[in-house]
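Chain identifiers are assigned alphabetically (A, B, ...) following the order of the sequence lines, protein sequences preceding nucleic acid strands; residue numbering begins at 1 within each chain.
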There are 2 protein chains.
Amino acid sequence: MLTNRQLQILKVIVDDFILTAQPVGSRYISKKETVDFSPATIRNEMADLEEMGFLEKLHSSSGRAPSEKGYRFYVDHLLSPSTLSSREKNLIRESFGKKTLEFEQVVEKSAGILSDLTNYTSIILGPEVFETRLKQIQITPLSHEKAVAVLVTNTGHVEHRVFSTPLEIKATDLEKMVNILNERLKGVALIEVPERLNKEIFSLLKEHAEHFNDAFMYLRAALANDNSAKLYVGGKTNILMQPEFKDIDRIRSIMSMIEEEKDIASLLKTSDKGIQTMIGHENPFIALQHCSIITANYYFGNQQVGTLALLGPTRMEYNRVVTLVEELSRHMTETFREWY
Amino acid sequence: MLTNRQLQILKVIVDDFILTAQPVGSRYISKKETVDFSPATIRNEMADLEEMGFLEKLHSSSGRAPSEKGYRFYVDHLLSPSTLSSREKNLIRESFGKKTLEFEQVVEKSAGILSDLTNYTSIILGPEVFETRLKQIQITPLSHEKAVAVLVTNTGHVEHRVFSTPLEIKATDLEKMVNILNERLKGVALIEVPERLNKEIFSLLKEHAEHFNDAFMYLRAALANDNSAKLYVGGKTNILMQPEFKDIDRIRSIMSMIEEEKDIASLLKTSDKGIQTMIGHENPFIALQHCSIITANYYFGNQQVGTLALLGPTRMEYNRVVTLVEELSRHMTETFREWY
DNA sequence: TTTAGCACTCGGAACCAATGAGTGCTAACA
DNA sequence: TGTTAGCACTCATTGGTTCCGAGTGCTAAA
């Protein structure tokens, strides 16, 4: 176990390294008001801390920087979650004060706030598709061979899909079709829609007219869900500001990973509930080996869950950032609750 | 005026510098099969070309690189537009072969192709808002206090806006409202919609029931157009690959400019018709001083016009890129024409 | 157990020389 | 008169050397 003095020194080093990105030396630590030991004493302790794996040297005569294990210990045991500054409070209150109506708006705004306040990159994963249910479907003809289906889900998400219609179909027929669809699909999970279409609804529609056959084909294609929960990213360029990412290659791999979306989405999807931190190599991607990710969940009603994440260097301002992420996920959850 | 030999040498230098990003020396040029002069002769010509402002030296004993004026001359007089390679043809044919139905799909696909084939960043500006006309409007209640308005424009663009509705409003009333709106707004330019709403439609709606007053307020807010034509960007990270952007600060300023959207949009909006090139400082933004931008227009029906652009370093593969941009704008125009 | 003192290590900056790619100029050549 | 060979010159790059300073580890004294 670590002695009190070791804890104190470790905390000072992590705090300072997070601030300056420079290795911390013994002399510097001993000058801190809160510290009362000579540099020599501190050097001894630092040597011990290094031996235990909490600290690292860049070269034999440099000061110490926290290792990943050091960050992990810091986050688990030494974190003193900061309270929000008035600037932070204001920005959040201001943004969530305005009444929002659409899921996308809330998410984009949250991503914006988070990346602006932290100078890191914020990522928000939409709610799991398999829990989203269809609330309403509306079909509107656009031309004699195109129509748009507007889907509204119980999460307040609205989306539209354009599809081809056979030339012969009539407006009244379309109306009938919509009625049947609404009757049969309301409350059905989005992911089950294609199956339902194939099973019961196909035969139902068939009874009405023969060109439903064609229309149905196209509609089915249009309603085929893409399954991928959407990613919203804020402050992509913030990574460029961090001194540890002076190296173009690192930036390139991180950027293209974010652009890919796929891996990031799967990473966030598998993260546990509550506030989580992944430090450096704790995530499986080489591109993110110098990054930390903080995740929190937000909720939609009771079960549906999305993920709010913040991506920064391992040298992240954990105390400030953790409260911010928590606070924002709370606000999001609350906003969505009010919609019901 | 330039002699034939000078033209030849200039062309070799630009071609080679575009390929290698390295200053070109006289010895190297004289070794080219197409060139029959000694290094000394070439040096003389290069000195003249430099004096005329077409070439630059990085330092007194380096080879020459094209100046912006050199690129400009090259583009205007020496360009031999390449024909598409079979790979390029295939990719384009494949993508445009599939039937697409929605404006966004076409645009996103085009941006993707362009950035993939060129390794530069592609930017597509949507059609000018002021020319887009409303084709149809549909309102669907979502809950007792929310409704979604779906707008369909003559460009095949579909979008939805969620707005609040007063509690008292009834489904039948809403239907009446939609009928009036459709009757009065069909074919009206999007940009004029708010004005029309205020003038004629307000009084019309008022005749029907008093809570239209409230509903109208919200609807008006929802239909207030944001005016900004949308930007679609492909291959944002491609800039990172270019050797001239090893410098983080350059990348940062370019990236954040793209992220901003505002300036880029205005830049593209003011570009002239047809294929245009802006080389280096020919554009007014310091962030883009080492970039070239190629733009082409695509058309929607007869008047409506959007812009397709490619952003890369001044050392751009102009001959390949120009044909690609042209070809893609042609394909887009054609696709949209087929929709009518 | 703590601390002062001292030798040691290593990165970074400054300086220097050697190298080589490339130029400009001059004089000879066709 | 236009072209070219030859040569002196320039300058970025590379590698080696030295110096400096920040910081460590170890030992011995308090």
Side-chain angles (χ1 to χ4, degrees), chain A residues 1-10 12-17 19-67 70 243-244 246-247, chain B residues 1-10 12-17 19-67 70 243-244 246-247:
Chain A
M1 265 297 63
L2 296 184
T3 65
N4 256 346
R5 194 163 67 190
Q6 285 170 333
L7 291 178
Q8 194 187 357
I9 290 174
L10 180 57
V12 170
I13 292 178
V14 178
D15 279 335
D16 197 74
F17 187 78
L19 214 67
T20 64
Q22 297 298 324
V24 187
S26 57
R27 214 178 96 86
Y28 176 87
I29 297 177
S30 80
K31 273 189 184 160
K32 284 243 156 180
E33 296 148 9
T34 51
V35 176
D36 249 0
F37 326 105
S38 75
T41 313
I42 292 169
R43 278 202 293 281
N44 285 329
E45 297 289 24
M46 293 207 296
D48 289 347
L49 284 169
E50 185 179 358
E51 213 160 87
M52 290 184 272
F54 294 113
L55 296 180
E56 282 173 353
K57 282 192 284 197
L58 305 195
H59 56 269
S60 79
S61 72
S62 78
R64 257 73 168 208
S67 66
E244 38 267 89
K246 273 177 307 198
D247 181 16
Chain B
M1 264 298 62
L2 296 183
T3 66
N4 256 344
R5 195 163 64 192
Q6 285 171 332
L7 291 178
Q8 194 186 356
I9 290 174
L10 181 56
V12 170
I13 293 178
V14 177
D15 279 335
D16 197 74
F17 187 79
L19 213 67
T20 64
Q22 298 297 324
V24 186
S26 59
R27 214 177 94 86
Y28 176 87
I29 297 176
S30 81
K31 274 189 183 158
K32 282 243 156 181
E33 298 146 9
T34 51
V35 176
D36 249 0
F37 325 103
S38 75
T41 314
I42 293 169
R43 280 203 290 281
N44 284 329
E45 297 290 22
M46 294 208 294
D48 288 348
L49 284 168
E50 185 179 356
E51 213 162 86
M52 290 185 271
F54 294 114
L55 297 179
E56 283 173 351
K57 281 192 284 197
L58 306 193
H59 57 269
S60 79
S61 72
S62 79
R64 258 68 168 213
S67 66
E244 38 266 270
K246 272 177 310 198
D247 182 15

(Q) To check you understand the geometry: which heavy-atom pair defines the closest contact between P243(B) and A21(B), and what is its length? (A) CG-CB, 4.1 Å
Q: Determine which pairs satisfy ring-ring contact (aromatic ring centres under 6.0 Å, His included) with at least one residue from residues 40-60 of chain B, sequence neighbours left out, and list them in order.
A: F54(B)-F73(B)
**Q.** Atom pair distance, as rounded to whole Å: CD1 in I13(A) and C1' in dT24(D)
**A.** 13 Å
Q) Looking at side-chain heavy atoms only, is the closest gap between E45(A) and D48(A) below 4.5 Å? A) yes
Q. According to a strict under-4.0 Å criterion, is K57(B) in side-chain N/O contact with OP1 or OP2 of dG24(C)?
A. yes
Q. Considering only side-chain heavy atoms of S38(A), which listed nucleotide, dT4(D), dT23(C), dT3(C), is closest?
A. dT3(C)
Q) Looking at side-chain heavy atoms only, is the closest gap between R64(B) and L49(B) below 4.5 Å? A) no
**Q.** Heavy atoms of other groups near R5(B) CZ, more than 12 under 6.0 Å
**A.** yes
**Q.** For atom CD1 of I29(A) and atom P of dG23(D), their distance in whole Å
**A.** 10 Å
(Q) Tell me whether the side-chain N/O atoms of R27(B) come closer than 4.0 Å to OP1 or OP2 in dA5(D). (A) no
Q.
Does any part of the side chain of Q8(A), heavy atoms only, come nearer than 4.5 Å to the side chain of F37(A), both counted from C-beta?
A. yes
Q: Please report, rounded to the nearest Å, how far the P atom of dG22(C) is from the CD1 atom of I9(B).
A: 16 Å
Q: Of all the heavy-atom pairs spanning V35(A) and I29(A), show the shortest one and how long it is.
A: CB-O, 3.5 Å
Q | Atom pair distance, as rounded to whole Å: CZ in F37(A) and P in dA4(C) | A | 14 Å
Q. Are any non-hydrogen side-chain atoms of V14(A) and V24(A) less than 4.5 angstrom apart?
A. no
Q) Would you say a side-chain N or O of S26(A) is under 4.0 Å from OP1 or OP2 of dT24(D)? A) yes
Q: To the nearest Å, give me how far apart CG (N4(B)) and P (dG2(D)) are.
A: 16 Å
Q.
I'd like to check P39(A) versus S30(A) (side-chain heavy atoms, cut-off strictly below 4.5 Å). Are they in contact?
A. yes
Q: Please work out which residues in residues 39-50 of chain B have a non-hydrogen atom less than 4.0 Å from an atom of DNA chain D and list them by number.
A: A40(B), T41(B), R43(B), N44(B)
**Q.** Atom pair distance, as rounded to whole Å: CZ in R5(B) and C1' in dT4(D)
**A.** 11 Å
Q. For every nucleotide of nucleotides 11-16 of chain C, 5' to 3': is a protein heavy atom under 4.0 Å from its base (B), only from its sugar-phosphate (S), or from neither (-)?
A. S-----
